[in-house]
Student: 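I'd like to ask you about the structure that follows.
Fair warning: this is a prediction, and the values are worked out from it, not measured in the lab. Numbers for residues simply follow the sequence, beginning at 1. Computed from heavy atoms alone, side chains included, the values below leave out hydrogens, waters and symmetry copies.
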Amino acid sequence: MKKIRLPKQVLAAALAGALALTPVSAAFSDTAGHWAEGAIDKWSQTYGIIGGYEDGSFRPDASITRGAFAGILDRFFKFQSISPAETFSDTAGAFWEEAVLKLHAAGVYLGNNGKALPSDTITRQQAVTMLARAFQLEATTVSLPYHDAERLSEYARGPVAEMALRGWISDCPDGYFRPMDAITRAEFLNILNNMVQELAQETRVYHADVFGSMLINASGGASLENMTIYGDLILAPGVTGAVTLSNVTVNGIIRNFSPVEPTIVTAPADPSQGNPPLGEEPGVIVVPGDPENPENPVPPGTPLDPITGEPITYPGIQPSEVYTPGTTTGQYIAYSNRQIPVYEAAEPSYLGEGDFLWNTERPDRLDYVGDRFRTRFGIDVSAYQNRASENKTINWDAVAADGVEFAMVRIGLRGYSTGALAEDAYYRENIIGAMNAGIETGVYFFAQAITVEEAIEEADFVIQHLQGLSINGPVAYDWEMSDSSYRVYGTTPEMATACAIAFCRRIEEAGYTPMIYAGNYVGYVKYDQGAITPYLSWYPEYKKETSEKLYPTFYYQMDYWQYTDNCAIDGIGGRVDGNLQFIPLF
């Protein structure tokens, strides 16, 4: 497989089109580039837990009052009980009176000498303590990792120590907790974001894996099907409808603050509905141990170099030793309120309006109707699809008969929080099954490297696990970053690019074809597109029937496009990512 090379003569026209792109406005006028931008956007724009101001600002570094803090927590948990109006002497008529009284009834907001002080700012130690009470966390330690630990009040020492131990307090890079400082809006949302990855606010079916904890606060309940929750599952007090769990793995614990008990569903297998096969093990599996892949703990011992057979050692390597920055054209692409340089060596996209149509017979299949490429349809799978399939086995012959021409199999991952390397539980049988069915088969690795040494380690992990197996597709480096909970958060573009290139070179040395998977943020902000142009590219951007732009909007031409996460494929339970490969005709 070769990297697509497109004609140069239309480069100028494509560049002109890129310069006409309209910048994507930031959610607020003062959050672009802020260290907590991701958490702010998530909890304000996606979930509506906290709002901005009429002037379009968010004021991330402003303090927050005790009353407003209570209001946000009540919006989050939807507490049902409420204490008598006379509980506090200073809440009558206050804007946040109801929220304060509801948090008091829940044992979260205790007040001070009969007063709630709702208009006072809330300190960092008070905020963390209230969060610990709301989540009913019991302190397993009182060891405080801060230089100013002696300044914490006695009531806060246990909660702060526990929250720090769990890695939820991540805004103290200098080692000082600052207990008496007023907590800022950004600091509060950052802690909340570290505690909860996904909030289920709607009564509907959820099936996507959650790389952290999930909290359900939809009053009508929710249905969870064929998914893994890598943290805790939390049911808020406001949940009064049914909560059903079908073939759900919970790697943490279930925290139920609601009046309903989750129902475990066993039903005949029906891939279109996501039901597990009758007679499978219980729908909810609570697994202790490695949160990233409990079925495959990382084996002890020093790994051997898959090429030389010698013990692996990784000397310190700087990005400048790995690659030479790509040459830019002096022109820019507008992306998320940023000016992204255009790289000379990277080919622009030739995919646009009118090039794609939904297949009338298979509405989850996207057809390319342009004239520059031949396309092939493929999927990518991991252990999640196995667990959703009958007997946890993908029927690869049925997959091939359903028109799948290539498959990318997850071979392993580095934990996005722990940093541990782990193999996918079903990678070997998936590779063998797909190859035997005549499907072109490649693999991908979910990467979280923060140094060149770690990227090489990830490549060696892949090479070691491919020994004894035959593949005829690419090996993809899937380095992702969503928010501050990812260990790669804050990695410089130079280091991110160096990691990708180091991985690809190592894979190439071992005789495989490397590929880089990256979406808009990583592709634009973290990667030097000029430097990574020698390698195949795989781009995710999901479309649906209502999409206004039925084509990939990334500026550069990709070799593979992951266009949906909602394909139904014969032989596989649940839903699957759908992909198109673009093969140039001239």
Side-chain angles (χ1 to χ4, degrees), residues 1 209 211 228 230 290-299 303-307 312 378-389 392-394 396 399 404 406-416 418-437 439-449 454-480 488 499-500 502-518 535-538 540 560 562 572 576-577 579 581:
M1 300 175 67
D209 294 311
F211 293 94
T228 297
Y230 286 87
D290 179 6
E292 301 305 329
N293 197 343
E295 295 177 307
N296 292 280
V298 180
L304 298 179
D305 186 305
I307 299 174
I312 295 175
I379 60 174
D380 54 273
V381 301
S382 67
Y384 312 134
Q385 278 71 44
N386 291 85
R387 295 183 183 118
S389 300
K392 298 185 178 181
T393 300
I394 293 174
W396 286 102
V399 172
V404 173
F406 67 88
M408 296 296 294
V409 174
R410 188 179 73 170
I411 193 169
L413 72 157
R414 185 188 291 276
Y416 79 102
T418 66
L421 296 176
E423 66 184 36
D424 185 282
Y426 300 93
Y427 85 91
R428 180 173 290 273
E429 68 178 69
N430 283 336
I431 290 174
I432 293 172
M435 288 289 289
N436 287 343
I439 298 171
E440 182 181 285
T441 307
V443 298
Y444 72 94
F445 182 86
F446 180 83
Q448 288 285 280
E454 286 191 347
I456 297 172
E457 180 186 28
E458 291 173 346
D460 287 344
F461 180 93
V462 172
I463 296 166
Q464 288 168 350
H465 283 75
L466 283 175
Q467 290 181 354
L469 295 171
S470 176
I471 65 169
N472 54 3
V475 175
Y477 178 75
D478 176 13
W479 190 93
E480 298 184 30
V488 298
C499 286
F503 179 96
C504 288
R505 285 181 181 167
R506 192 69 162 176
I507 292 298
E508 203 164 33
E509 288 172 2
Y512 301 102
T513 302
M515 180 163 69
I516 296 174
Y517 176 99
Y535 308 109
L536 291 170
S537 60
W538 184 13
Y560 292 75
Q562 187 183 73
I572 303 179
V576 189
D577 295 336
N579 299 265
Q581 179 191 5

Student: Taking only residues two or more places apart in sequence or in another chain, which ones pass side-chain contact (heavy atoms from CB on, under 4.5 Å) with A500?
Tutor: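 A500 satisfies side-chain contact (heavy atoms from CB on, under 4.5 Å) with Y477, I516, Y527 only.
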Student: Any Lys/Arg nitrogen of E508 or R505 sitting under 4.0 Å from an Asp/Glu carboxylate oxygen of the other?
Tutor: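 R505 and E508: not salt-bridged.
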Student: If the condition is side-chain contact (heavy atoms from CB on, under 4.5 Å), which residues does I432 pass it with, not counting sequence neighbours?
Tutor: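 With sequence neighbours excluded, I432 shows a side-chain contact (heavy atoms from CB on, under 4.5 Å) to R428, N436, L469, given in chain and number order.
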Student: Would you please name every residue forming a side chain to side chain donor-acceptor pair (under 3.5 Å) with D577, sequence neighbours left out?
Tutor: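 With neighbours one apart ignored, the set is Q562.
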Student: Can you confirm whether I411 sits close enough to Y444 that some side-chain heavy atom of one is under 4.5 Å from a side-chain heavy atom of the other?
Tutor: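 When only atoms from C-beta onward are counted, Y444 and I411 do not touch, as no gap falls below 4.5 Å.
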Student: Taking only residues two or more places apart in sequence, or in another chain, which ones meet F406 in a ring pair (Phe, Tyr, Trp, His ring centres under 6.0 Å)?
Tutor: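 Partners of F406 under the ring pair (Phe, Tyr, Trp, His ring centres under 6.0 Å) test: Y560.
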Student: Once ring pair (Phe, Tyr, Trp, His ring centres under 6.0 Å) is applied, do any residues pair with F446, and if so which ones, sequence neighbours excluded?
Tutor: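 Ring pair (Phe, Tyr, Trp, His ring centres under 6.0 Å) check on F446 returns nothing, list empty.
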Student: If you measure from CG on N430 to CE on M435, what distance do you get to the nearest 0.5 Å?
Tutor: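 Here the rounded value is 13.5 Å.
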Student: Kindly write out the residues that satisfy side chain to side chain donor-acceptor pair (under 3.5 Å) with D478, not counting sequence neighbours, or none if the list is empty.
Tutor: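 None.
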Student: Centre of Y426's six-membered ring, under 6.0 Å away, within 45 degrees of the axis: is that where NZ or CZ of R387 sits?
Tutor: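 No, cation not above the ring by the 6.0 Å, 45° rule.
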Student: Using the side chain to side chain contact (heavy atoms under 4.5 Å, CB included) definition, which of the options I507, D424, D380, L466 pairs with V443?
Tutor: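 Testing V443 for a side chain to side chain contact (heavy atoms under 4.5 Å, CB included) against I507, D424, D380, L466 leaves exactly one candidate, L466.
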Student: In chain order, what residues pass the side chain to side chain donor-acceptor pair (under 3.5 Å) check against W538, with sequence neighbours excluded?
Tutor: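 If we apply the side chain to side chain donor-acceptor pair (under 3.5 Å) test to W538, skipping adjacent residues, the hits are N579.
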